[in-house]
There are 2 protein chains.
Amino acid sequence: MNTADRLVAAAAELLDSGGEVAVTLRAVAAATGVSHNAPYKHFPSRDDLLAAVAAADFDAMAAEWVRIRTSPSTPAERLANALDVLVKFGREHPARYGLLFNSPELAGREGPLRFAAEEALDQFAAIIEDQQNTGDLPAAPADHLAVLLAATAHGLINADAGGRLRRRTNWAGVGDGLQTLIKLLSNH
Amino acid sequence: MNTADRLVAAAAELLDSGGEVAVTLRAVAAATGVSHNAPYKHFPSRDDLLAAVAAADFDAMAAEWVRIRTSPSTPAERLANALDVLVKFGREHPARYGLLFNSPELAGREGPLRFAAEEALDQFAAIIEDQQNTGDLPAAPADHLAVLLAATAHGLINADAGGRLRRRTNWAGVGDGLQTLIKLLSNH
DNA sequence: ACCTGAACACCGTTCAAGT
DNA sequence: ACCTGAACACCGTTCAAGT
């Protein structure tokens, strides 16, 4: 594992343990065992290091979605599992989740992060398309449905993280809200 | 206008002009014409000042929704207008929008911000309920539909701000995505 | 009650060297 | 090619005074 990868891993751990504010370049460098400005030899700025963490997480998410998409479950189960990947990541890694979906400035950048995000969304959309083909979701373009479902998932995850979800609904969690929406969208 | 309100207004302007990073207590104080730590006499910390900006914005949003709710348009138009308030605020004040909906740590706090957010969502839910009563939306609990629609709106606004919306769809903007969802949810 | 000014510990980033 | 150490300008926050 080269220094750049170790810096990314250290940053991810700091995000998990202390949130975005904990990710100072000095702390990342110390956790990696290099001097306080060695990171600049691998990343132009702190934001670029964070973008690298986000890109790696999108890659991992895409890999999970590939696994789910080719798993032997039913299309409906695969869709539920795909959504659960998002929900679980948001719950277990809130700061890293924020990098992926709550940071428009980061998302708007060119580069590997944008590419990784598109790759991941491709897999997500494919899972949705499989479920559409069972006739159980509206026949809208798969990309439209994928964007809508991802958007709703994201909104519900944020609402729950801020404590706003359970104050207004009797849902046990984000999954219940998503299943409610899917039921409303289903053709029966 | 007292000092606390002027500090909040100055912080809001800095958010609009330079994003969250531009809101240093020193810049806020300078823009307000007080010394660099006078803000501490009105807010315990920078986060509390930001929370006050967010609470004020939720109050303004709630007021807009009250106006829309009691306007003479049709329920469907009122729903579209209510959603447009969100979309427009996200587009025109991205940093302040982020304080309202992209900052779970802030949203999770107790205090006036939480209260203001609930008041605003109450109005939004009422507008949805009016449209439900026309029979043109599913008969799910209004709070459920309100949370789902607000979540989708938020997700689409974020996707668009990050440039991810228009790369995957032919929608001209967030509004098109929302109308697509509403159509899919409608009973005809 | 409200404000000021100095000070502290910290941070991102730059620069000049080192191997 | 990769890293180190000093330095700079800045920031949130604290503290001791001032009126």
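Below, read A as the first sequence line, B as the second, and so on, with proteins coming before strands; counting in each chain starts at 1.
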Problem set entry | Dot-bracket line, read 5' to 3' along DNA chain D, where crossing pairs take [ ] and | marks a partner on another strand, Watson-Crick or G-U under 3.5 Å | ||.|||||...|||||.||

Exercise. With ring centroids as reference points, do F58(A) and F101(A) lie under 6.0 angstrom apart?
Worked result: yes

Problem set entry | Atom pair distance, as rounded to whole Å: NZ in K41(A) and C1' in dG12(C) | 14 Å

For this session: Mind checking side-chain contact (heavy atoms from CB on, under 4.5 Å) for Y40(A) and listing every partner two or more places apart, or none if nothing turns up?
Result: L25(A), N37(A)

Exercise. Which residue pairs pass the salt bridge (Lys or Arg N to Asp or Glu O under 4.0 Å) test when at least one of the two sits in residues 73-94 of chain A, sequence neighbours left out?
Worked result: R78(A)-D130(A)

Seminar exercise, completed: Those residues at least two apart in sequence (or on a different chain) that pass salt bridge (Lys or Arg N to Asp or Glu O under 4.0 Å) with E129(B) are none

For this session: Let me know the distance between NE2 of H36(A) and P of dT4(D), rounded to the nearest Å.
Result: 10 Å

For this session: Nearest whole angstrom, please: distance from the C1' of dG12(C) to the CD of E20(A).
Result: 13 Å

Exercise. Hey, can you pull the residues of residues 23-33 of chain B with a non-hydrogen atom under 4.0 angstrom from DNA chain D?
Worked result: V23(B), T24(B), L25(B), R26(B)

Exercise. Which residues satisfy the salt bridge (Lys or Arg N to Asp or Glu O under 4.0 Å) test with E118(A), sequence neighbours excluded?
Worked result: R167(B), R168(B)

Problem set entry | Set of residues satisfying ring-ring contact (aromatic ring centres under 6.0 Å, His included) with respect to H36(A), sequence neighbours excluded | none

Exercise. Which residues satisfy the salt bridge (Lys or Arg N to Asp or Glu O under 4.0 Å) test with D176(B), sequence neighbours excluded?
Worked result: none

For this session: Could you list by number each residue of residues 42-57 of chain A showing a heavy-atom separation from DNA chain C of less than 4.0 Å, or answer none if no residue does?
Result: S45(A), R46(A)

Exercise. Which residues satisfy the salt bridge (Lys or Arg N to Asp or Glu O under 4.0 Å) test with E110(A), sequence neighbours excluded?
Worked result: R114(A)

Problem set entry | d(OH, Y40(A); P, dA7(D)) in whole Å | 18 Å

Exercise. Which pairs count as salt bridge (Lys or Arg N to Asp or Glu O under 4.0 Å) when at least one residue sits in residues 3-15 of chain A, sequence neighbours excluded?
Worked result: none

Exercise. Applying salt bridge (Lys or Arg N to Asp or Glu O under 4.0 Å), which residue pairs with at least one partner in residues 19-28 of chain A are found, sequence neighbours left out?
Worked result: E20(A)-R46(A)

